[in-house]
Every structure is written in C-alpha cells, then in structure tokens.
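Report on the following structure.
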Number of protein chains: 2
Amino acid sequence: MGTPRAHRDGSDEAIDGAASDGVFDGLLTYRMRRAWLAVQADLAETLKPFDLRMITFSALVLVEANPRLSQASLARLMAVERPNLVMIVDELARRGLIERNRAPEDRRAYALDVTEAGRALCRDAMQAVRAQDARLFRGLDACERRAVEAAFATLRRSASP
Amino acid sequence: MGTPRAHRDGSDEAIDGAASDGVFDGLLTYRMRRAWLAVQADLAETLKPFDLRMITFSALVLVEANPRLSQASLARLMAVERPNLVMIVDELARRGLIERNRAPEDRRAYALDVTEAGRALCRDAMQAVRAQDARLFRGLDACERRAVEAAFATLRRSASP
DNA sequence: TATTGTTATACTCTATAACTATA
DNA sequence: TATAGTTATAGAGTATAACAATA
C-alpha cells in the first residue's frame, strides 16, 4: 500500500501492482490512467467477437450515422489524419460493411455508406458496447455518475488549453 | 449536440467536435477516452520542459523511491516488458539521472540508483506534475473528488476481469 | 532449468510529405 | 490555388523470440 521505500536490494516480492501506486498517490492523473487502461482493454475484448477494433468500430458507427460521408469528413470527425483513415476504410469496405460510392457533385470525393451487413454488425456491436459500458459503470450511484460525467466534461475542456 | 443524421452529401460544416459525440452519447467509455486524451496531452506538455516523457518520468520516480531496484523489478512495477525498458534506462543513465550499479549478490542484475541530478529533476518534475494535477481537478468539490476517486478504483477493478 | 539484461524483430498507432485528380 | 484520396515513410509504443552470463 504505502510507498515501498528501502526494501532490500532489488527484490520486489513486496512490491505488487497496488504498492507501485504509492509514489503516485494523490495524483488523480495516474489513477485515471490505470482506470482508462483497464476500460480500454475491456472495450477491445468486447469488440473482438465482432472482429472490430476501437477505431474501426468508431468509423463504422459514424458512417452509419452520417450517410454519404466523405473520408475527409470522417477523418475530421474521428480526429485522425486522412492517410491513416485509408486502411481503416479499406478494411471495412473489404469486409462488405461499408461502400465507397462516388459523390456525383464532387468527383474527387467518396460518399461512404453503410451496407445492410454493416448496419447489422454496427447494431450488434453497439449493443454489446452499451451493455459493457453499463456493466463497467454499474457500481456508481446516481450522484457518483453525475460527478464522473461532470469531471470528464471538465477535464476535456480544462486540459491542454 | 444531437446525432448528426441525414445531413447532405458528405459536407461536414454542421458536424464539429461536439456533434461527433452524438452517436456515442450515453457511453461513459467514450467520454472517458476524450477526457483521458486531453489529460494525457496536458501531462506530456507539463513534462516537456524537463525533457521527460510519461514513461521516463515514471521510471525515474520509481527508481528514486526504490533504491537498488533491478531492471526486471522496475519492468514489473511499470507493467512493461523488460526489453522495452532497456532504452528507457539507457536514456536516464546517459543523462546522468540514474546509475546502473552492479548488484553484488546477483551478478546478472543491475542495482539502479538515482543520482543527485536525478533526484533534483525528479523533485522538480513531480512538483510540476502535482501542480498540474491540482489545476486539472480543481473544479471538483470534495464530494465530487471522492466520487471520481471511487469511480477510478472501481473501473480498474471491474474492467477486464 | 530459470532469470537478468540485451538484441533483433514485428506489429500497431500516429504524423508528415508528396503525388494525382479533381475543384 | 486549394481540396480529396492515396502512397510512402518515419516515429513512437509495445510485444515476442532468442542469446550470453549467471543463478
């Protein structure tokens, strides 16, 4: 629990995962990091049966929600660079989950659309993610949940100003 | 705000950062991700003046707190693989912040120790990180802070079981 | 046989420069 | 000239296999 100082010569039997936090005690940043790593791993596990990663899931959901979206728009929505989106869209298109249609009014751009298979997978995966989200945060009562939501919103705004 | 459905052909002037959350509304996982990305960027910025990354800062703090630590023990504490720690320790040693001393009782292992320069940098960087942490979470009152701490602890336990 | 530190390697994620074809 | 999609590339971060020295 406490800071594991002055243990003898490099052996670490007395230093387990919990004890290693000692030196970072009081830093909510580090507690948040640990919590996020666990949540992230859990989300990846939830998406694995659908053969989706976080980033392909996000892309699929956004294309489903925004018919005839261009890749550049999708990149802006996902806050990723356009080149990194190419392989993501490639993968979803190759699996028949979305289609790269040409935009008639701008022959440079694609108009991305979800297929029926994509819509079905999107629905099922989203349902699993929502269930997992509810499971993760079910330990919080209404007051705690409000506090956490407020904290997330505040952090997003107050960090990196 | 709401889900930006059925906008016309791929243009996204109406879809800014806030609107893009619409489809993920209700998912605390996604709100947490956004918040963590902001906090992470902020921490990196805080450490930049000290020429430290999150991972080198963590290593330095843990070596300072655990004299004569072996690299294998440090790797276990940081939950990174041993090979990935070599270059991290290389960097800290090259900068004269820690020393690779030989462990007399096990000639395979190093006994890592922080130097005076390392201790000073560790102190200054930790002070900056604590100040930044306080700034980030200053919006929370005592009750909210307790709720957030409890939530982080719960998430870390309940995720990936 | 197991462990420490190390090298080599690979895979993911992300970021930038530059090309093409359109606008 | 500016933008959309693409290619190539480079940098982090992280993971495994295998080796020499030592236990």
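Throughout, protein chains are lettered first and strands after them, A, B, ... in sequence-line order, and every chain is numbered starting at 1. These values consider heavy atoms only, across backbone and side chains, with no hydrogens, waters or symmetry-generated copies.
Residue Gln71(B) places no side-chain N or O under 4.0 Å from the OP1 or OP2 atom of dT3(C). Between Arg108(A) and the phosphate of dA21(C), there is no side-chain N or O to OP1/OP2 separation shorter than 4.0 Å.
Atom-to-atom, CD of Glu105(B) to P of dT3(C) comes out at 17 Å; the value is rounded to the nearest Å. Rounded to a whole Å, the CG atom of Leu85(A) is 13 Å from the P atom of dC13(C). Put simply, CG on Leu74(B) is 13 Å from P on dT4(C), counting in whole angstrom units. Rounding to whole angstrom units, CZ of residue Arg107(A) and P of dT20(C) are separated by 18 Å. Straight-line distance from the CD atom of Glu81(B) to the P atom of dT7(C): 17 Å, rounded to whole Å. At whole-Å resolution of the value, CZ in Arg82(A) and C1' in dA17(C) are 13 Å apart. Remark: P of dA15(C) and CE of Met78(A) are 12 Å apart, rounded to the nearest angstrom. Taking atom CG of Asn84(B) as the reference point, atom C1' of dT12(C) lies 13 Å away to the nearest angstrom.
Both Asp90(B) and Val80(A) lie close to DNA chain C; mapped to their nearest nucleotides by heavy-atom distance, the more 5′-ward contact belongs to Asp90(B). With DNA chain C read from its 5' end, the first of the two nearest nucleotides for Ile55(A) and Asp106(A) is the one closest to Ile55(A).
Salt bridge annotation for Arg119(B)-Glu116(B): present, with a cationic side-chain nitrogen under 4.0 angstrom from a carboxylate oxygen. Ion pairing between Glu91(A) and Arg53(A) holds under the 4.0 Å rule for side-chain N and carboxylate O. Salt-bridge annotation for Glu45(A) and Lys48(A): present, with a side-chain N of the basic residue lying under 4.0 Å from a carboxylate O of the acidic one.
Using a distance-only test at 3.5 Å, with no hydrogens or angles considered, a donor-acceptor pair links the side chain of Asp133(A) to the main chain of Leu28(B).
Taking each heavy atom of Met32(A) and Trp36(B) in turn, the nearest pair found is CE-N, 3.6 Å.
Residue-level contact check: Arg100(B) touches the backbone only, with heavy atoms under 4.0 Å from sugar-phosphate atoms and none from bases.
Screening Leu92(B), Val114(B), Val63(B) against Leu97(B) for a side-chain contact (heavy atoms from CB on, under 4.5 Å) leaves a single residue, Leu92(B).
On the nucleic acid side, DNA chain D contacts chain A at distances under 4.0 Å to non-hydrogen atoms, with the end points of that region at dA2(D) to dA8(D).
One finds the CG atom of Leu69(B) at 9.0 Å from the CZ atom of Arg76(B) (value rounded to the nearest 0.5 Å).
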